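Worksheet for the structure shown next.
Both ligands and their constituent atoms are indexed starting at 1 by order of listing. None of these values were measured; they are calculated from a predicted model.
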Amino acid sequence: MHGVAEDGNAAIDGADRLVGHVRVLCDRFRALPGIQRPGRHRVNCPGRPPWWTLWLPGLLAGCGGEMSILDAAGSAARQQFWIWWAMLGVAVAVSLGVYALWFYTFRRREPPPRTPREERRIMLRWVLGGGIALPVASIIALLVFAAPTGRGMLPLPDDGAERIEVIAHQWWWEVRYPGEEGERDVVTANRLVMPAGEPVDFRLTSTDVIHAFWIPRLGGKRDMIPGRYSSVRLEADSPGVFGAQCAEYCGAQHTHMLLHVEALERGDYDAWLAERRPPPGPGEGFAEAKEAFGEHCAACHTVGGFAEELVDDDLEHDIRGPDLSDIGSRPTLGAGVLPMEEGAIAYWLQHHQTLKPGNRMPAHDHIDTETLQAIGAWLETLEP
Ligand code: CUA
């Protein structure tokens with residue numbers, strides 16, 4: 001999260017510098033003879049920047065930050081970055097060409113009279129050249145650029161790359177680290193931890209509607225389709241924190257489907273995984289909270305090592321909610337809705353339908369506040 005503030009500041013610094021330049025230009029303009037005569041010209045040069053610079057901070061903010069494709073942090077993203085610039089360059093060149101022709105039609109003198117045959121030849125030249133040859137050449141040029149990038153993002157069979165499964169739900173992310181034979185998967189939610197400096201194969205699917213997996217600074221995006229697995233290979237150059245966001249409209253809370261991505265050195269990543277295999281248990285104490293959790297929550301949520309006999313068997317067991325085994329160690333709640341801090345889980349349990357309307361966890365109006373606070377206080381302790 002640190003990176004956001006710094007990059008945001010960089011964007012704001014850039015905007016300030018530009019506004020500074022604009023102010024200098026304005027001052028020079030005002031110094032021109034005749035400009036300051038009252039009632040003649042109104043030049044808007046106060047301490048505030050002119051209205052037409054208002055879009056600049058927004059534009060410059062796109063050059064940095066944890067969600068910017070223009071700040072590539074991995075090989076796939078870097079290749080996509082160059083495709084992006086190439087496409088922009090071609091689009092600008094084509095636009096300039098079209099505008100130039102357009103102006104030319106206004107300015108040219110009346111052409112000398114042509115025979116129908118000449119007319120036909122000129123027309124054919126434009127249709128064949130501009131309508132067929134130019135698009136075909138552009139598409140081939142783009143393919144030459146894009147095909148190796150696409151190939152680089154394909155998981156090649158069995159070359160030992162790390163494999164991580166990401167399963168999209170309305171509206172949260174389940175992340176699974178498959179264990180070796182006989183080992184349990186490490187399961188977490190809304191937080192993706194990956195090794196840096198090596199390719200990682202992401203296996204993607206969805207349980208309900210189509211979502212899309214997108215880590216802008218590392219590359220992507222890739223649809224997540226119910227009943228089907230798709231794959232993408234991404235690599236982070238070095239350790240860092242990256243933003244990720246569902247990139248396919250998937251319902252009312254699509255915007256609240258953020259994924260916190262952390263790339264760690266290989267050793268730190270192994271240690272992170274080892275801490276969670278087997279999952280951290282439910283801990284000592286908090287007897288009332290555990291009983292209430294068994295009664296109200298355990299039909300959908302799991303906590304590693306939680307006593308099965310505490311689960312109320314009358315509850316329906318067909319909805320899968322996030323695994324909460326390491327919830328205390330996650331940076332956010334509700335897939336990016338609240339920062340994880342003391343009291344946040346209890347607050348979420350009381351207000352989640354206001355904070356994220358329509359999410360599949362029912363409102364807890366029938367449970368008293370003390371019980372929700374006790375459950376929250378216990379869940380906060382769940383970390384390796
Ligand atoms: Cu999931 Cu949009």
Give the atom name of whichever N/O/S atom in E248 sits closest to atom 2 (Cu) of ligand 1.
O

Report the name of the N/O/S atom of H254 located nearest to atom 2 (Cu) of ligand 1.
ND1

Opening angle between SG in C246 and SD in M257, taken at atom 1 (Cu) of ligand 1, to 10 degrees
110°

If you draw a 6.0 Å radius around CD in E265, do more than 12 non-hydrogen atoms from other residues or ligands fall strictly inside?
no

Taking atom types as modelled, find out whether E162 and Y269 have a side-chain donor-acceptor pair closer than 3.5 angstrom.
yes

Indicate whether the side chain of H352 and that of N359 have a donor and an acceptor atom separated by less than 3.5 Å.
yes

Just wondering, is there an N, O or S atom on H211 that's nearer than 2.8 Å to atom 2 (Cu) of ligand 1?
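It does not: H211 brings no N, O or S atom closer than 2.8 Å to atom 2 (Cu) of ligand 1.
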
Y229 six-ring centre to R203 NZ/CZ under 6.0 Å and within 45° of normal:
yes

